[in-house]
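Throughout, a chain's letter reflects where its sequence line sits, starting with A, and its residues are numbered from 1.
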Amino acid sequence: MNYWLMKSEPNVYSINDLAQEKQTIWEGVRNYQARNFLRQMQLEDLAFFYHSHTKNPGIVGLMKIVKNNLADPTQFDPNNQYYDPKSTSESPRWQTVLVEFVQIFPEIITLSKLKQEFSEEQLLVIKKGNRLSVMPIEKKIAEKILTF
DNA sequence: GCCAACGTTGGC
DNA sequence: GCCAACGTTGGC
């Protein structure tokens with residue numbers, strides 16, 4: 001079982017939206033490094049939900065991968081902002097996962113708290129200038145975060 | 001809202 | 001293949 005961190009801007013899609021919907025397809029990732037991580041995700045993997053580009057960024061909850069290796073449907077929709085005319089249904093360029101809500105943490109684990117607890121090598125998300133929206137988290141680090 | 005940092009694009 | 005120009009991300 002692997003652990004991941006996935007970013008979303010809460011004014012676009014927040015942990016509360018996921019708590020209501022219960023499941024969502026993680027659409028719109030158009031960065032190859034992030035996509036490669038999405039491709040590696042396995043059923044039952046856990047992912048931390050991170051709120052970015054907001055007043056109080058940090059980890060706000062937990063979700064579970066319930067379907068992996070899905071073609072991102074938005075790549076085929078010409079009216080969608082994530083439409084990719086170079087992608088075909090025979091060989092989709094962008095894969096993603098279906099995630100399921102697990103929990104909202106009682107308190108946000110803020111970026112500044114994460115910076116206090118971990119080094120940049122231990123936790124990529126705290127590295128300045130990091131723009132990756134999907135990244136792996138080492139098991140030991142993830143288990144420590146779960147105790148906060 | 002600002003702007004540093006980064007990824008992508010495209011001319012050469 | 002290099003790299004300047006550009007667009008986007010995301011902390012502050």
Side-chain angles (χ1 to χ4, degrees), chain A residues 2-21 23-41 45-65 68-142 144-148:
Chain A
N2 308 298
Y3 291 94
W4 306 91
L5 181 145
M6 297 162 84
K7 292 180 188 170
S8 180
E9 300 184 22
N11 64 329
V12 176
Y13 194 85
S14 75
I15 188 72
N16 296 304
D17 295 321
L18 182 61
Q20 266 194 333
E21 288 192 326
Q23 295 190 343
T24 194
I25 297 178
W26 203 264
E27 295 172 338
V29 173
R30 293 295 181 272
N31 170 285
Y32 285 102
Q33 206 185 343
R35 182 211 59 187
N36 292 343
F37 287 132
L38 286 168
R39 283 178 170 176
Q40 290 172 28
M41 290 184 180
D45 281 1
L46 292 172
F48 294 100
F49 196 125
Y50 180 93
H51 281 176
S52 67
H53 199 254
T54 183
K55 203 172 178 184
N56 196 19
I59 293 173
V60 291
L62 193 66
M63 51 198 172
K64 185 170 72 176
I65 310 307
N68 63 348
N69 202 28
L70 285 176
D72 182 339
T74 62
Q75 70 194 307
F76 305 124
D77 176 4
N79 298 314
N80 193 282
Q81 62 167 316
Y82 298 115
Y83 176 57
D84 184 349
K86 291 177 186 161
S87 185
T88 63
S89 50
E90 294 77 37
S91 68
R93 179 177 296 187
W94 305 104
Q95 282 76 28
T96 188
V97 291
L98 180 70
V99 297
E100 184 175 274
F101 175 76
V102 175
Q103 66 162 318
I104 296 178
F105 293 144
E107 277 184 67
I108 179 173
I109 304 166
T110 62
L111 177 60
S112 57
K113 162 90 170 167
L114 292 170
K115 282 179 174 169
Q116 283 170 34
E117 295 285 338
F118 304 110
S119 71
E120 290 181 356
E121 292 73 34
Q122 291 175 308
L123 190 63
L124 190 62
V125 75
I126 65 177
K127 196 170 181 178
K128 189 184 175 191
N130 168 58
R131 296 172 55 171
L132 196 57
S133 66
V134 178
M135 68 194 76
I137 296 199
E138 203 186 318
K139 188 169 184 234
K140 273 187 183 162
I141 305 298
K144 178 143 190 217
I145 292 172
L146 287 170
T147 68
F148 290 163

Worksheet item: If you look at every strand shown and take non-hydrogen atoms under 4.0 Å, does A:Lys127 touch a base, only sugar-phosphate, or nothing?
Response: nothing
Discussion item. Base, sugar-phosphate or nothing for A:Lys7? Non-hydrogen atoms, less than 4.0 Å.
Written reply: sugar-phosphate
Discussion item. With a strict under 4.0 Å distance from non-hydrogen atoms of chain A, what nucleotide opens and what nucleotide closes the contacted stretch of DNA chain C, reading 5' to 3'?
Written reply: C:dG7 to C:dC12
Item to complete: Using the side-chain hydrogen bond (donor to acceptor under 3.5 Å, both in side chains) rule, take A:Thr74 and A:Glu27 through it: C-alpha gap first, then chi angles, then the decisive distance, then the call.
Response: CA-CA 7 Å; A:Thr74 62; A:Glu27 295 172 338; 5.4 Å; no
Worksheet item: Given the side-chain rings of A:Tyr32 and A:Trp94, with only the six-membered ring counted for Trp, is the space between their centroids under 6.0 Å?
Response: yes
Discussion item. For A:His53 and A:Asn31, find the nucleotide of DNA chain B closest to each by heavy atoms; which residue's nucleotide sits nearer the 5' end?
Written reply: A:His53
Exercise answer: donor-acceptor pairs, residues 106-118 of chain A side-chain atoms, under 3.5 Å, sequence neighbours excluded:
{"residue": "A:Thr110", "atom": "OG1", "partner": "A:Ser112", "partner atom": "OG", "Å": "3.2"}
{"residue": "A:Thr110", "atom": "OG1", "partner": "A:Lys113", "partner atom": "N", "Å": "3.1"}
{"residue": "A:Lys113", "atom": "NZ", "partner": "A:Glu117", "partner atom": "OE2", "Å": "3.3"}
{"residue": "A:Glu117", "atom": "OE1", "partner": "A:Lys144", "partner atom": "NZ", "Å": "3.4"}

Fill in: Between CG on residue A:Asn56 and NE2 on residue A:His51, distance to nearest 0.5 Å
10.5 Å
Discussion item. Could you measure the distance from the CG atom of A:Leu38 to the CH2 atom of A:Trp4? Nearest 0.5 Å is fine.
Written reply: 8.0 Å
